[in-house]
Amino acid sequence: MPSHCLVTGVAGFIGSALAEELLARGNSVLGVDCFSDYYARELKEWNLRELRVQAGFSFQDADLRTADLASLLEGATVVFHFAAQPGVRKSWGPEFAGYVENNVVATQRLLEAVKGRALTRFVYASSSSVYGDAPDLPVRESTLPRPISPYGVTKLAAEHLCGLYARSFDVPTVSLRYFTVYGPRQRPDMAFSQFVRAIREDREIVIYGDGEQTRDFTYIKDAVAAALQAAQVDLSTPWGRVYNIGGGSRVSVNRVIRLLETMTGKTARINAQPAQPGDARHTSADCSAAAADLGYRPQVTLEAGLQEMVAGGRE
Ligand code: NAD
Ligand code: UGA
């Protein structure tokens with residue numbers, strides 16, 4: 001049955017793609033975003049352009065740290081909480097305060113505001129960064145989370161808040177631990193977006209470390225499908241569960257560069273920079289819990305997803 005959904009972070013990479021899919025399925029969406037200055041507002045406006053013309057969509061330029069959340073939640077039965085201060089490598093030093101405010105304090109405010117409301121689901125965008133450098137791969141949800149970046153600490157704290165409000169107040173939270181999401185409109189700081197633009201413009205590609213680090217890269221359509229499944233499936237309590245959402249294969253950064261060279265017919269020029277504090281060496285998701293409970297199965301191979309970025313307009 002169509003729902004009225006609140007999508008936070010709707011002007012962002014994942015939030016905008018999610019809102020588009022919700023509307024395509026007949027739901028109505030109130031999208032909220034404060035256009036944080038982590039990257040250019042014009043890119044976020046671009047993300048919103050197809051949403052703004054749709055009858056089922058409305059938008060509020062509001063900051064979750066200060067907004068009147070009760071009015072934003074009016075009539076909503078499903079909340080997708082995707083607003084955050086992202087970025088693993090930039091979360092050190094004085095920036096950390098912003099990560100705490102936007103990722104932890106804002107999430108706690110939102111959970112307080114939904115307490116006691118007739119929600120059917122509260123889907124939180126958690127992160128593979130909660131695991132840090134896990135000793136055994138692929139990680140399962142039972143792996144002890146030990147973030148190695150301040151960003152990961154804040155994502156884990158917010159995930160714990162979702163669990164806490166589920167147990168104490170029956171808020172129907174589900175947290176999705178997304179593994180490095182990519183695809184058209186990816187955030188401009190992220191690897192694939194940087195690589196595709198650099199190759200297109202014949203600029204050097206910056207690689208951190210030896211490039212042999214691996215990621216379980218997840219295509220945006222699969223990430224969106226997981227959020228919809230998490231909102232819709234008839235999950236039994238207890239609420240507060242967490243699920244790994246990965247792309248189904250683990251690939252090194254060097255391998256991605258080779259694939260891009262083949263796809264574009266160009267030779268990448270590499271600018272090797274030191275490995276960055278906060279970057280996990282490898283990530284790899286065991287998605288069997290999401291498969292069993294949510295019906296999640298990633299559909300898009302890395303080659304197909306990368307091709308979409310190479311062929312597309314704004315990566
Ligand atoms: P994004 O930066 O493109 O989108 C996040 C949006 O949230 C931005 O448009 C920003 O303006 C907004 N926002 C930030 N603080 C806000 C606040 N206080 N009030 C209102 N809006 C606010 O990032 P993304 O890559 O789309 O990530 C979306 C979510 O998924 C985040 O929670 C992120 O931590 C999580 N996640 C992303 C990835 C990934 O690979 N992109 C992986 C794991 C988890
Ligand atoms: C991504 C997102 O940025 C986080 O918001 C998210 O929470 C996280 O995934 C996650 O999975 O939880 P990251 O894996 O660092 O973080 O994603 P990318 O920025 O795409 O980087 C992938 C790899 O490429 C990293 O090893 C990074 O060091 C490397 N990289 C990145 C480069 O070598 N060069 C670049 O210019 C950018």
Side-chain angles (χ1 to χ4, degrees), residues 7-18 31-39 41 43-45 47-48 60-67 69 72 80-91 98-99 101-103 105-107 109-110 124-131 147 149 151-152 154-155 158-159 175-183 185-195 197-198 204-218 220 223 227 244-247 251-254 256-257 270-283 285:
V7 177
T8 74
V10 76
F13 164 45
I14 306 178
S16 60
L18 169 63
V32 177
D33 207 289
C34 69
F35 299 105
S36 70
D37 64 3
Y38 184 64
Y39 61 93
R41 176 166 179 153
L43 297 180
K44 297 185 183 184
E45 293 285 3
N47 293 341
L48 289 176
Q60 279 283 327
D61 182 345
D63 190 322
L64 296 178
R65 295 171 296 181
T66 50
L69 297 177
L72 296 177
F80 294 94
H81 179 36
F82 281 61
Q85 171 57 55
V88 175
R89 294 172 287 282
K90 293 195 174 142
S91 59
Y99 281 79
E101 279 287 317
N102 289 297
N103 299 356
V105 177
T107 301
R109 268 197 104 226
L110 188 57
Y124 166 64
S126 185
S127 158
S128 73
S129 64
V130 304
Y131 289 114
S149 65
Y151 164 79
T154 64
K155 294 303 288 184
E159 190 189 285
S175 293
L176 303 178
R177 291 177 174 168
Y178 283 118
F179 284 65
T180 315
V181 183
Y182 73 100
R185 309 202 311 242
Q186 189 188 39
R187 287 194 339 256
D189 60 303
M190 291 185 69
F192 289 12
S193 169
Q194 292 275 356
F195 296 172
R197 261 178 297 140
E204 288 182 336
I205 287 181
V206 172
I207 296 213
Y208 298 125
D210 62 7
E212 286 304 303
Q213 65 267 43
T214 59
R215 289 288 177 278
D216 195 332
F217 293 106
T218 309
I220 182 69
N244 289 339
I245 304 296
V251 183
S252 74
V253 167
N254 287 334
V256 171
I257 303 286
I270 303 301
N271 172 357
Q273 294 291 323
Q276 300 291 296
D279 262 343
R281 180 70 177 159
H282 303 295
T283 70

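Each ligand, and each atom within it, is numbered from 1 in the order the structure gives. Just the heavy atoms: all of them, side chains too, but no hydrogens, waters or symmetry mates, feed the values below.
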**Fill in**
Note: heavy atom closest to atom 10 (C) of ligand 1, options Asp63, Asp33, Asn103, Leu110, belongs to Asp33

**Asked** Can you find a non-hydrogen atom of Gly87 under 4.0 Å from ligand 1?
**Response** no

**Asked** So, does Arg177 sit close enough to ligand 1 that a heavy atom of it is under 4.0 Å from the ligand?
**Response** no

**Message:** Tell me the protein heavy atom at minimum distance from atom 44 (C) of ligand 1, and give that distance in Å.
**Reply:** Ser126 O, 3.0 Å

**Message:** With a 4.0 Å heavy-atom cut-off, what residues sit around ligand 2?
**Reply:** Pro86, Gly87, Val88, Arg89, Ser127, Ser128, Ser129, Tyr151, Tyr178, Phe179, Thr180, Arg187, Met190, Ala191, Gln194, Phe195, Val206, Ile207, Tyr208, Gln213, Arg215, Val253, Asp279

**Item:** Protein contact of atom 40 (O) of ligand 1 - nearest heavy atom, named by residue and atom, plus distance
**Value:** Val181 N, 2.7 Å

**Message:** Students should be able to answer this: which protein heavy-atom is nearest to atom 21 (N) of ligand 1, and at what distance?
**Reply:** Cys34 N, 3.3 Å

**Message:** When you compare ligand 1 with Asn102, is there at least one nitrogen or oxygen pair between them that comes in under 3.5 angstrom?
**Reply:** yes

**Prompt:** Is Tyr39 in polar range of ligand 1, meaning some N or O pair under 3.5 Å apart?
**Reply:** yes

**Request:** Identify the protein heavy atom lying closest to atom 27 (O) of ligand 1, giving its residue, its atom name and the separation to 0.1 Å.
**Result:** Ile14 CD1, 4.1 Å

**Message:** For Pro86, which part has a heavy atom under 4.0 Å from ligand 1: side chain, backbone, both, or neither?
**Reply:** side chain

**Prompt:** For ligand 1, which atoms, with element, lie under 4.0 Å from some heavy atom of Phe35?
**Reply:** 11 (O)

**Proximal ligand 1 atoms for Tyr178, defined as those under 4.0 Å from one of its heavy atoms** = 42 (C), 43 (C), 44 (C)

**Message:** As a check for students: among Phe82, Tyr151, Phe13, identify the option with a heavy atom nearest to atom 33 (C) of ligand 1.
**Reply:** Tyr151

**Nearest non-hydrogen protein atom, atom 32 (O) of ligand 1** = Lys155 NZ, 2.8 Å

**Request:** Could you give me the CA-CA distance, side-chain angles and deciding distance for Tyr38 and Asn102, then say whether side chain to side chain donor-acceptor pair (under 3.5 Å) is met?
**Result:** CA-CA 12 Å; Tyr38 184 64; Asn102 289 297; over 6 Å; no

**Prompt:** Nearest to atom 13 (N) of ligand 1, what protein heavy atom do you find, and at what distance?
**Reply:** Ala83 CB, 3.9 Å

**Asked** Is there a donor-acceptor pair closer than 3.5 Å between any side-chain N or O of Arg109 and the backbone N or O of Ala67?
**Response** yes

**Item:** For atom 14 (C) of ligand 1, closest protein heavy-atom neighbour
**Value:** Ala84 O, 3.3 Å

**Asked** Looking at Ser126, Ser127, Ser175, which one forms a side-chain hydrogen bond (donor to acceptor under 3.5 Å, both in side chains) with Glu159?
**Response** Ser126

**Shortest protein contact, atom 23 (O) of ligand 1 (heavy atom only)** = Arg187 CD, 3.3 Å

